[in-house]
Amino acid sequence: MGLGLLFYNILNKRLSIRCKRCGLRYTIDYQECPRCSEITDKEVVQLKRVIRRDRRASIKIGKVLLIAAAVLIIVLLLVIM
């Protein structure tokens, strides 16, 4: 679960449950996972691939932004001195 979703749930005080089938979280307002309860096992496998791909892309963007921030800080420190 991403930090944004965690903070959102904390602020709204909505408890969530991890789905055993697809691995995503859903609020306790639902009896079943709204994402995978009405799809076939084959579609769940495809959904997991998409989730995995999106997580990898998010990690890659995070690394790029971290490196950009570090470079920016170094440049700013060099300009100040």
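In this chain, numbering begins with 1 at the start of the sequence shown. Basis for what follows: all heavy atoms, side chains included, without hydrogens, waters or symmetry-related copies.
- The salt bridge (charged side-chain N to carboxylate O under 4.0 Å, His left out) analysis of residues 31-43, with sequence neighbours excluded, yields the pairs R21-D41.
- Following chains of ILVMFWY side-chain contacts shorter than 4.5 Å, one can reach Y30 starting from I28, so the two form part of one hydrophobic cluster.
- With sequence neighbours left out, D29 forms a side-chain contact (heavy atoms from CB on, under 4.5 Å) with R14, T27.
- The distance from atom CD of Q31 to atom CD1 of I17, rounded to the nearest 0.5 Å, is 9.0 Å.
- Taken together through direct or relayed side-chain contacts under 4.5 Å among Ile, Leu, Val, Met, Phe, Trp and Tyr, I39 and V50 form parts of separate hydrophobic clusters.
- Of the inter-residue distances, the one linking Y26 atom OH with S16 atom OG reads 10.0 Å to the nearest 0.5 angstrom.
- Side-chain heavy-atom separations under 4.5 angstrom define the hydrophobic clusters, and the remaining members of the one that includes L77 are I73.
- Summarising the geometry, atom CD belonging to Q46 is positioned 13.5 Å from atom SG belonging to C22; distances are rounded to the nearest 0.5 Å.
- Here L76 is tied into one hydrophobic group with L72, each link being a pair of ILVMFWY side chains closer than 4.5 Å.
- Alongside I61, the hydrophobic cluster contains L65 (criterion: ILVMFWY side chains under 4.5 Å).
- Other residues sharing a hydrophobic cluster with I80 under the 4.5 Å side-chain heavy-atom criterion for ILVMFWY residues do not exist; the residue is a singleton.
- For the atom pair C33 SG and R18 CZ, the distance stands at 11.0 Å (nearest 0.5 Å).
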